[in-house]
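Keep in mind it's a predicted model, so treat the numbers as computed, not measured. Each chain gets a letter, A, B and so on, in the order the sequences are listed, and its residues count up from 1.
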Amino acid sequence: MKVLVVEDEAVVAKRLVRLLGRILGGSAAIEIAAGFADAREAIRSRPPGLLFLDLNLEGQDGFRLLEEAAASSFPTIVVSAHADQALRAFEYGVADFVAKPYDEARLRRAVEGLGRRAAHRADLRFLAVRKAGGIDLVPVEKVVAIRGADDYSEICTREGGRHLHDKTLAALARQLPPPFERVHRSWIVNLDDAASLHARPGSRYFLRLRNGDEVPVSRERVRGLRERLL
Amino acid sequence: MRGDSTAWSRPDFDDSAWPTVALEDVPGTGGILWLRTRIDLPGTTRKPVDVFFSALASHEIWWDGELVGRGGVVGSTPAAEVPGPVQALYAVPDRLASPGMHVVAVRSSAGHRHFRPTVGYWTVAVGPYADLERAARGTVTGALMSLSAIVLAALFAFLTWLLDRREKSFLLLAILGVVSAGLLLAEAYRPLFGYAYDRHLIRLAAITVLSWLLDVTLVLYLVRRFPMRGSRWLIGAALAGATVPIFAVRFFDGKVLAGYFVVFPAALVWTLRAARRRLLGSGFAAAGIGAALAALLVDPGDFLDRNLFLSIDVLLLCLLASRALQYRAERRQRETAELRSARLELELLKKRFQPHFLMNTLTALSEWIEEDPAIASRMILALSEELRLLGTISDRTLVRMEDEIALCRSHLEIMSCRKGRRLTLETTGLDPAAPIPPAVLHTLVENAITHGASREPEVVLRLRRGTEPGRVRYVFEAPFEPGAAAPGPPVEGTGLRYVRARLEESFGDRWSLESGAAGAVWRTEIVVPAEP
């Protein structure tokens, strides 16, 4: 796995790299970016599989990097001295927040939690999407549905907007809190926007949304969904 | 007419051979002197009719040949004479005060004057008692009202000085009040209490001395209250202006007025200069002195009897108001300074517990504990030293240079262990006992190794001291990575703001701070006064 560590202090970075080497085993390729410019360059041109981000980079606003990371395909774990910034980090949908100082066990928990649903999903407030010239923050409560394509997702908002997100549908499903629900291999729906559940000939099911759109529902998910909606 | 005869009092006496003189020109001492005058009493004159007499002479007042009053005992030699009052009212019996022409004769002697007045001070007035009485006491009411106000002001100033002895200008203000009160009392004494004419010289001398004191105290007060260059000139001019006329001018009122004519304009110029420099309260002071000068110029002849009292009132009021303004400004300044000091202390304390510093240090520490315990111990020692030093200096406004340097070095030791590089501070020519606001150099060191600092494995920060007359210049240089961090070291971050606030707290406006790139180093120069 390719891991990027953004940390400007050599010894602190060394610790993270050493512990990650033990946790991830010899297969991990770990790169260190010490400055803001290096980190942004690495994120854009050599996207890793996992990012460890120190939120206070040489006095630069680490949140600019956080936005950048949140809009990217890979999960981000924030490692920060400022435990009070955890909530703000979770609003952007980071996978975990590790407060300094930490030990190997804490870091291991963070890495092992990556495949599961994020523990702080309820705090998510924005989905960061890349736009020409910068990054847009789409408020979660405005999202009606998300359609998954190959390695990106398409976000539909209540205003009818369409945004492309670099994360896969599976990655977004781990981040998004209820009432967001994976109803289909390629669909996540905000159940607050669901109007009715219909069946079509051939045991095909679909969900009609308040805005009139229709979204397919997998057969195995119908039962659970029906209970949820009633 | 010199000589003596009761016949000279009679209305039918033929005085056509007597010389005629104006009252101002009545001759002075030497035996007994008779004066005669005719007055026409209109039929509408209210009764009782009185004669108001004022002169430096013992006297008898005769009305149509009848004696209606006497002051003292008139005598042909000083030994035979008993001095009479300087002024008096004598009632004319109603039966004599018939409408028409009357002859008023004055028999007088003036052997006890003790000086040669330049004017005779003679006044003879006939009229209704009520009018004369009011005229005689006219200025007294105003004087008494002024007097009570002035005494109160003087007491207030004196008490203020008593409570805070550093307020020397209040003592001068109190003296100014006492002198003014004395002057007023001396001026009002004659209409208020009256006295035998041989005491007149004492009163005139008292007025002269008190006026001189007023001149001098006023100028001393203004010089102390509004300190500016050239105060010696002002004091010199005032002393000369107040003193020379006492000997140069014969006329007593002239001695006093000439002093005012020099001192008031000089004082006005001084306060106007102060006003132009925006010295606090100078506007009020200039207004008060301007008012006094205006009253003097409008009617110099009447100034001592009437406007002087009012002018002193206005002047003292303005000086007190000016003082009050200054007080308010001082209080505000003190409050702001206290607030600022409290805020700075808080900021310094926060440095100790700043999470970015503390948590990163602890993270690096856990790394060294696992990887190299010897370095971990070094780090723990440096950290405890830095926290201890920050704790001891946080409630002070100035600390010893050696403590500040120790603080910087322990910080650099910690940062070396964190960054895995050697960061050191080299000092040249420092005085270990020199005063410096706490954590000022510490903040510069912090800035130097965080913002765009050089990434060399070995970084040497340099601090050297240069001494100029009365000032100390600290030059701090830190190598930085040009181009590595695009924005470069911030020109005015929270760190430099803290440094500026601390310098201002301790040195007022007698410091300077410059910061900028000089080749491959970032140079910060701080100049502070040699004596804080």
Side-chain angles (χ1 to χ4, degrees), chain A residues 5-23 30 32-41 52-65 77-89 97-108 110, chain B residues 350 353-372 375-376 378-380 382-383 413-423 443 446-459 480-481 483-496:
Chain A
V5 168
V6 178
E7 168 63 64
D8 63 327
E9 296 214 10
V11 175
V12 179
K14 184 171 148 268
R15 173 175 183 73
L16 195 53
V17 169
R18 186 174 64 86
L19 296 180
L20 283 176
R22 286 163 58 151
I23 294 165
I30 303 173
I32 300 175
F36 177 80
D38 295 351
R40 194 162 57 178
E41 166 67 14
F52 283 87
L53 177 63
D54 174 10
L55 257 193
N56 193 335
L57 284 159
E58 293 198 22
Q60 297 265 14
D61 191 0
F63 278 94
R64 275 165 66 196
L65 271 186
I77 294 172
V78 170
V79 182
S80 174
H82 297 273
D84 52 330
Q85 288 174 351
L87 184 65
R88 229 181 124 191
F97 186 102
V98 177
K100 290 177 181 175
Y102 48 83
D103 59 4
E104 187 182 331
R106 176 67 186 90
L107 215 52
R108 190 181 290 277
Chain B
K350 271 166 73 181
F353 301 106
Q354 203 197 22
H356 185 251
F357 169 71
L358 210 54
M359 298 308 172
N360 274 308
T361 302
L362 292 177
T363 309
L365 191 56
S366 34
E367 177 64 9
W368 288 124
I369 288 172
E370 288 163 32
E371 292 290 288
D372 190 340
I375 297 181
R378 242 176 63 200
M379 227 180 139
I380 288 173
L383 178 63
E413 171 80 3
I414 294 165
M415 294 312 284
S416 298
C417 294
R418 265 166 62 170
K419 292 185 179 273
R421 287 183 283 150
R422 239 175 83 79
L423 308 169
T443 304
E446 259 181 348
N447 270 3
I449 54 179
T450 23
H451 302 296
S454 162
R455 296 193 179 282
E456 296 294 314
E458 199 147 325
V459 177
F480 75 109
E481 198 98 327
V491 178
E492 189 70 65
T494 47
L496 274 192

Query raised in the report: Which atom pair, heavy atoms only, marks the closest approach of B:C417 to A:V11?
Result: O-CG2, 3.0 Å

**Report entry** Minimal non-hydrogen separation, A:A10 against B:K419, with atom names
**Finding:** CB-O, 3.0 Å

Query - chain A contact via B:E371 - side chain, backbone, both or neither, heavy atoms under 4.5 Å - result: side chain

When rounded to the nearest 0.5 angstrom, what is the spacing between [atom1] in [X] and [atom2] in [Y]?
X: B:H356; Y: A:H82; atom1: NE2; atom2: NE2; answer: 5.5 Å
X: A:K100; Y: B:S366; atom1: NZ; atom2: OG; answer: 10.5 Å
X: B:E370; Y: A:E104; atom1: CD; atom2: CD; answer: 8.0 Å
X: B:N360; Y: A:D54; atom1: CG; atom2: CG; answer: 6.0 Å

Report summary line: Across all chains, not counting sequence neighbours, the salt bridge (Lys or Arg N to Asp or Glu O under 4.0 Å) partners of A:E41 are none

Report task. Evaluate whether atom CZ of A:R106 has more than 12 neighbouring non-hydrogen atoms of other residues, nucleotides or ligands under 6.0 angstrom away. Result -> yes

Query - Side-chain touch A:R15/B:T363, heavy atoms, less than 4.5 angstrom - result: yes

Query - Engaged part of A:L19 at the chain B interface, taking heavy atoms whose separation is under 4.5 Å - result: side chain

Query raised in the report: Who are the side chain to side chain contact (heavy atoms under 4.5 Å, CB included) partners of A:L87, not counting sequence neighbours?
Result: A:E91, A:D123

